[in-house]
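A short worksheet on the structure shown next.
Order of the sequence lines sets the chain letters (A, B, ...), proteins ahead of strands, with each chain counted from 1.
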2 protein chains.
Amino acid sequence: MPTDLRRPQRTYTIRQLCLEFKCTPRALRFYEDKGLLTPARDGMNRVYSYKDRARLKLILQGKRVGLSLAEIGEILDLYDLDDGGAAQMAKSLRKFKERIVALESQREDIDRAINELKVGCNNLEQKLIATRPDLLPRAADYDQMLRQRLDGVEHVGAK
Amino acid sequence: MPTDLRRPQRTYTIRQLCLEFKCTPRALRFYEDKGLLTPARDGMNRVYSYKDRARLKLILQGKRVGLSLAEIGEILDLYDLDDGGAAQMAKSLRKFKERIVALESQREDIDRAINELKVGCNNLEQKLIATRPDLLPRAADYDQMLRQRLDGVEHVGAK
DNA sequence: CGTCTCCTTGACGTTAACGTAAGATGCCGC
DNA sequence: GCGGCATCTTACGTTAACGTCAAGGAGACG
């Protein structure tokens with residue numbers, strides 16, 4: 001019978017974790033340098049425990065929502081202190097709310113920029129219609145652009 | 001009678017432009033290094049023409065909407081070629097639309113992150129309510145946070 | 001024993017848009 | 001002649017999160 005790939009006693013090589021979480025050995029070693037991970041050793045080789053894997057999962061989650069490694073480190077430190085208890089949760093909650101506020105502010109910036117750009121596009125289109133309508137991008141070109149963009153995304157995602 | 005500060009024949013020192021557009025001499029020299037500006041000289045000193053001022057204005061507008069200096073440079077190069085004519089407008093239009101697509105994608109990322117964070121906040125709050133409600137941030141603390149944030153913004157804006 | 005593959009450490013490179021001295025020049029008024 | 005101010009050039013520093021070699025060890029295979 002096959003070993004359960006996730007049972008708590010299990011250990012992982014660096015490559016196994018990298019494959020599972022789509023990251024590179026360099027990244028894991030970097031996190032270790034920063035004190036976010038402290039895997040055991042077998043001779044020279046790193047041996048990641050189930051707990052290390054859980055920490056890595058938290059690290060990557062934090063990254064996805066835009067937390068810096070330093071901020072993630074603060075949370076993980078508390079994780080060590082009280083083993084995922086109340087203090088860590090309270091700190092995470094604060095960090096999360098701060099991040100939400102920051103992200104909402106960023107989104108406002110983006111919306112402003114989009115509006116400014118749309119105004120600019122309209123101006124340019126008006127002028128081009130008046131002077132050189134032949135230079136206006138055509139619907140076909142736009143479709144082409146979108147298709148290229150989607151192909152790119154699929155390629156990255158598939159590979 | 002005072003000289004019109006913006007009449008086309010006017011020239012500007014580096015400091016005057018910096019004051020007007022709230023940037024630093026270092027930034028203007030940097031743009032010059034990158035080929036975005038090419039002011040005349042009076043001896044060693046830079047002398048910015050009305051056209052230079054217009055270019056700077058475009059540079060800063062481009063920055064506000066998130067264009068890189070390299071991209072802004074591409075547009076400005078065309079600006080030189082046909083003096084603000086059709087080719088430049090067509091290129092700007094393309095760049096603007098590309099930027100809009102990129103910004104909308106960024107906004108989706110942000111929205112996803114915000115949702116993920118809100119889910120996380122809810123989970124954490126539930127657990128804290130059950131175990132350590134004393135650690136929950138209170139409404140008063142939240143007001144305090146907002147006030148500090150607003151003060152910061154006003155301070156920056158006013159100064 | 002040679003080769004292969006995975007692992008290690010160490011250390012420099014990358015990117016963008018400037019910041020920050022350090023040291024020199026030049027003009028103004030006194 | 002000198003202090004003070006604006007300007008100049010040159011050139012290294014900053015930040016984040018790794019990427020990219022380089023050089024070397026350890027175990028497995030045939």
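Following chains of ILVMFWY side-chain contacts shorter than 4.5 Å, one cannot reach A:L28 starting from A:L19, and the two form parts of different hydrophobic clusters.
For B:R46 and D:dT7, the shortest distance from a side-chain N or O to OP1 or OP2 is not below 4.0 Å. Checking the phosphate oxygens (OP1, OP2) of C:dC7, a side-chain nitrogen or oxygen of A:T13 falls inside 4.0 Å. For D:dC18, neither phosphate oxygen OP1 nor OP2 lies less than 4.0 angstrom from any side-chain nitrogen or oxygen of A:T24.
Heavy-atom distances to DNA chain C give each of A:R15 and B:M44 a nearest nucleotide, and the one nearer the 5′ end belongs to A:R15. Of the two residues near DNA chain D, A:L67 and B:N45, the one whose nearest nucleotide lies more 5' is B:N45.
Closest of all the heavy-atom pairs between B:L93 and A:L124 is N-CD1, 3.6 Å.
Rounded to whole Å, the distance from CG on A:D42 to P on C:dT8 is 10 Å. When rounded to the nearest whole Å, the span between CD1 of B:I14 and C1' of C:dC18 equals 13 Å. Atom-to-atom, CZ of B:R26 to P of D:dC8 comes out at 12 Å; the value is rounded to the nearest Å. Rounded to whole Å, atom P of D:dC18 lies 10 Å from atom CG of A:L28. Between B:E71 atom CD and C:dT15 atom P there is a gap of 15 Å when expressed in whole angstrom units. Taking atom CG on B:L60 and atom P on C:dA17, their separation rounds to 13 Å, with Å as the unit. In this structure, CZ of B:R64 is placed 16 Å from P of C:dA17, rounded to the nearest angstrom.
Residues from residues 30-39 of chain B placing a heavy atom under 4.0 Å of any atom in DNA chain C, listed by number, are B:F30, B:Y31.
Between B:R107 and A:E108 no salt bridge is recorded (no basic side-chain N to carboxylate O distance below 4.0 Å). Salt bridge B:R55/B:D52: absent, no basic N to carboxylate O contact under 4.0 Å. Salt bridge status for B:R15 with B:E20: absent, with no side-chain N to carboxylate O gap under 4.0 Å. Under a 4.0 Å N-O distance rule, the pair B:K34/B:E71 does not qualify as a salt bridge. Salt-bridge formation is detected for the pair A:R41/A:E32: a Lys NZ or Arg NE/NH1/NH2 atom is positioned less than 4.0 Å from an Asp or Glu carboxylate oxygen.
Residue contacts for B:R29: at a heavy-atom cut-off of 4.0 Å it reaches a base atom on one of the strands shown.
In this structure, of C:dT8, C:dA17, C:dC6, it is C:dT8 that holds the atom nearest to the side chain of A:R41.
A search for side chain to side chain donor-acceptor pair (under 3.5 Å) contacts involving B:Q61 returns nothing, not counting sequence neighbours.
Axis angle across the helix from C:dC1-D:dG30 to C:dC30-D:dG1, with five pairs used at each end and values rounded to 10°: 30°.
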Derivation and outcome, side-chain hydrogen bond (donor to acceptor under 3.5 Å, both in side chains), residues A:R10 and A:Q16: CA-CA 12 Å; A:R10 233 212 94 138; A:Q16 284 168 340; 3.0 Å; yes
